[in-house]
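Shown next, in structure tokens, is the structure this report addresses.
One-based numbering along the sequence shown. In each ligand, atom 1 is the first atom listed, and ligand 1 is the first ligand listed.
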Amino acid sequence: MSKTYTFNVKTPRTTAMVDITRQVEEQVQDSGVKSGACIVFIPHTTAAVTINENADPDVVRDFLMEINKVIPFSDGYLHMEGNSAAHIKSSLMGFSETIIIEDGRLYLGTWQGIYLTEFDGPRLRKVHVKIIEG
Ligand code: ZN
């Protein structure tokens, strides 16, 4: 058995990490699946998904500060839309994550959260969640 869900996330600024753990957990609970896998997929080219610490907000600040240094907003890019940095950051981060489901819950570590990472916001983003029993 499997189920697919989609929810929207409004991102607040040009670059941001939005904690979507609660929304994904809600879909897992709605599915009724007790053991299986949950795939979180971002259907965009300038946003991505990652798992990292969601206890100290400084982790997010440091992450965004550093990734914006590694991939600067302007660096002689050719792409006419002007958002090459966002495309590159998104591919580096990746567009999906797989999380184990056990006891009807996401089997995340104590300090882990799921983040939608925005690199060309603010925008309304879609998040697809596929929940597979097994
Ligand atoms: Zn573009």
Side-chain angles (χ1 to χ4, degrees):
M1 192 278 284
S2 78
K3 281 186 180 173
T4 306
Y5 299 87
T6 299
F7 60 88
N8 295 317
V9 177
K10 216 173 167 182
T11 62
R13 62 191 78 83
T14 309
T15 58
M17 290 173 72
V18 181
D19 190 335
I20 58 169
T21 312
R22 187 182 50 78
Q23 291 97 314
V24 176
E25 187 88 55
E26 278 171 15
Q27 310 306 318
V28 171
Q29 280 167 20
D30 183 84
S31 75
V33 170
K34 298 296 173 208
S35 180
C38 170
I39 300 164
V40 180
F41 180 76
I42 308 299
H44 300 288
T45 61
T46 56
V49 63
T50 192
I51 294 172
N52 216 308
E53 178 174 328
N54 68 351
D56 178 2
D58 282 343
V59 171
V60 166
R61 276 203 289 271
D62 289 347
F63 180 92
L64 293 174
M65 187 173 71
E66 288 307 304
I67 200 165
N68 289 336
K69 273 190 221 164
V70 175
I71 316 287
F73 286 101
S74 50
D75 197 19
Y77 302 123
L78 301 177
H79 178 45
M80 286 180 47
E81 203 187 1
N83 60 353
S84 273
H87 289 300
I88 294 165
K89 288 170 195 165
S90 296
S91 273
L92 288 176
M93 298 303 301
F95 301 102
S96 70
E97 289 284 358
T98 306
I99 304 113
I100 294 169
I101 299 168
E102 277 310 328
D103 301 320
R105 304 213 51 197
L106 293 169
Y107 210 39
L108 290 165
T110 307
W111 307 108
Q112 287 184 319
I114 308 164
Y115 286 101
L116 169 79
T117 56
E118 173 63 78
F119 297 118
D120 195 22
R123 291 187 194 218
L124 189 64
R125 298 298 196 173
K126 275 190 170 54
V127 178
H128 297 318
V129 179
K130 180 83 175 178
I131 296 165
I132 303 158
E133 189 168 37

Table please: side-chain donor-acceptor pairs of residues 28-42 below 3.5 Å, with sequence neighbours left out.
unit_1, atom_1, unit_2, atom_2, d
Asp30, OD2, Tyr5, OH, 2.8
Ser31, OG, Val28, O, 2.7
Ser31, OG, Val33, N, 3.1
Ser35, OG, Glu102, OE2, 3.1

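Under the 4.5 Å side-chain contact rule for hydrophobic residues, Val127 and Val60 do not share a cluster. Two different hydrophobic clusters hold Met1 and Ile132 under the rule that ILVMFWY side chains link at heavy-atom gaps under 4.5 Å.
Among residue pairs with one or both ends in residues 57-66, those qualifying as side chain to side chain donor-acceptor pair (under 3.5 Å) are Asp58-Arg61, Glu66-Lys69; sequence neighbours excluded. Within the structure, every pair that satisfies the ring pair (Phe, Tyr, Trp, His ring centres under 6.0 Å) test and touches residues 67-97, not counting sequence neighbours, is listed here: His79-His87.
Within the protein, the N, O or S atoms sitting under 2.8 Å from the Zn ion (ligand 1) are His79 NE2, Glu81 OE1, Asn83 OD1, His87 NE2.
Tested against Thr46 for a side chain to side chain donor-acceptor pair (under 3.5 Å), the candidates Glu118, Arg125, Glu81 yield a single pass: Arg125.
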